[in-house]
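Working notes, beginning with the structure itself.
The first residue in the sequence is number 1, and the count goes up from there.
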Amino acid sequence: MKNEFDLELILLNESTFQEYLKQINSFKSKINSNLAKYLKKNALYSFCNHKSITYLVVDTFTKEVAAYFSISAFSFLSIDRNQSQSIYKSLIPVILLENFATNIHYVKSIMSNRKMGIIIFNDFIIPLVKLVQNEVGIFGIGLFAADEAEGRLVSHYQKNYGFNVVDVNDFDVQYPSYDENCIFMFCRI
């Protein structure tokens, strides 16, 4: 997959991790240092243990890592709480967007951080999710927004990517321990 900026999607595995090690080690996220730490320390482990898949978005000319994202399978439950007890109605399978970060070093030389994120979402993440959707039946994309900045991140995902906050009265979402204070959001594809 490529786009207008000559970016390509590279699956992060043992060989590509070694091939792009220098670029991975220089990766820096404007939003959160834990995003760069995940790429450097945990992404390959998660791949090898079948927990998630990480993709590098790489400039085809400079081989610089422009961004990365990690995805995994996830499900949440639709429930009916109008009864005297909760009744589980259906399981909703989604692709969980676990990590999504642009490289501040690359973005500074090209465009704004926000615009780069939108391009990567539309040109790489959505087509990849649609490909999976056609093979295994995925309803959409879910994510846990670490919204520590007065609702700005949730608002950003709503406005720029079409995500909606999942109402905890209508759905049962099992939060991972690392995301227990986050807000679960969903975007139907």
Side-chain angles (χ1 to χ4, degrees), residues 1-48 50-74 94-136 138 140-146 152-153 155-163 185-189:
M1 292 180 204
K2 291 187 178 185
N3 76 354
E4 64 183 283
F5 293 98
D6 288 316
L7 298 171
E8 64 181 330
L9 203 57
I10 305 287
L11 173 67
L12 184 70
N13 58 30
E14 293 94 339
S15 64
T16 57
F17 187 83
Q18 291 303 317
E19 182 181 346
Y20 290 94
L21 184 59
K22 181 179 176 184
Q23 297 89 329
I24 289 169
N25 283 332
S26 68
F27 189 96
K28 184 175 179 185
S29 170
K30 179 180 177 182
I31 297 172
N32 184 333
S33 63
N34 287 333
L35 290 168
K37 183 190 268 184
Y38 177 85
L39 177 61
K40 296 170 189 177
K41 304 285 185 193
N42 300 97
L44 185 58
Y45 173 83
S46 292
F47 172 81
C48 291
H50 309 287
K51 293 182 176 186
S52 66
I53 302 289
T54 296
Y55 289 93
L56 304 174
V57 181
V58 176
D59 185 297
T60 55
F61 296 113
T62 67
K63 299 299 181 194
E64 192 173 358
V65 176
Y68 86 93
F69 61 90
S70 301
I71 58 173
S72 65
F74 188 76
V94 297
I95 292 293
L96 184 64
L97 183 57
E98 293 184 11
N99 297 287
F100 180 22
T102 56
N103 185 350
I104 193 166
H105 300 302
Y106 183 82
V107 171
K108 277 184 179 179
S109 64
I110 303 294
M111 66 190 72
S112 76
N113 191 45
R114 189 173 90 182
K115 186 175 179 188
M116 175 63 80
I118 293 168
I119 289 168
I120 291 166
F121 187 78
N122 290 328
D123 291 358
F124 296 105
I125 296 173
I126 294 292
L128 184 61
V129 170
K130 285 183 177 181
L131 183 69
V132 172
Q133 185 179 44
N134 290 332
E135 297 294 325
V136 297
I138 299 297
I141 304 172
L143 63 81
F144 290 97
R152 282 189 249 150
L153 191 54
S155 177
H156 174 74
Y157 283 125
Q158 288 171 324
K159 179 181 173 189
N160 295 299
Y161 302 102
F163 281 86
M185 302 184 76
F186 171 75
C187 176
R188 185 163 182 187
I189 300 299

Using side-chain heavy atoms (C-beta onward) and a distance below 4.5 Å, is [X] in contact with [Y]?
X	Y	result
Leu35	Phe100	no
Ile24	Leu12	yes
Ile141	Gln133	no
Val129	Val132	no

Subject >> Contacts of type salt bridge (Lys or Arg N to Asp or Glu O under 4.0 Å), residue Lys51, not counting sequence neighbours >> reply: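 Partners of Lys51 by the salt bridge (Lys or Arg N to Asp or Glu O under 4.0 Å) criterion come out as none, since no residue qualifies.
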Which residues share a side-chain contact (heavy atoms from CB on, under 4.5 Å) with [X], sequence neighbours left out:
X	answer
Lys37	Asn34, Lys41
Glu14	Leu44, Phe47, Cys48
Ser72	Ser52, Leu96, Glu98
Ala67	Val57, Thr102, Ile120

Subject >> Main-chain N/O of Ala43 paired with Ser46 side-chain donor or acceptor, under 3.5 Å >> reply: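 Pair absent, no side-chain N/O of Ser46 close to backbone of Ala43.
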**OP:** Give a yes or no answer on whether the side chain of Thr60 reaches the backbone of Leu7 with a donor-acceptor pair at less than 3.5 Å.
**Re:**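 It does not hold such a pair.
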Holding to ring-ring contact (aromatic ring centres under 6.0 Å, His included), I want the full list of residues that pass it with [X], two or more places apart in sequence or in another chain.
X	value
Phe69	Tyr55
Tyr157	Tyr161, Phe163
Phe186	Phe76, Phe139

**OP:** Tell me, please, which residues at least two apart from Ser33 pass side chain to side chain donor-acceptor pair (under 3.5 Å).
**Re:**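 For Ser33 there are no side chain to side chain donor-acceptor pair (under 3.5 Å) partners, ignoring immediate neighbours.
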Original post:
Hey, is Glu135 close enough to Lys130 for a salt bridge, meaning N to O under 4.0 Å?
Top reply: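 A salt bridge is absent here (no side-chain N lies under 4.0 Å from a carboxylate O).
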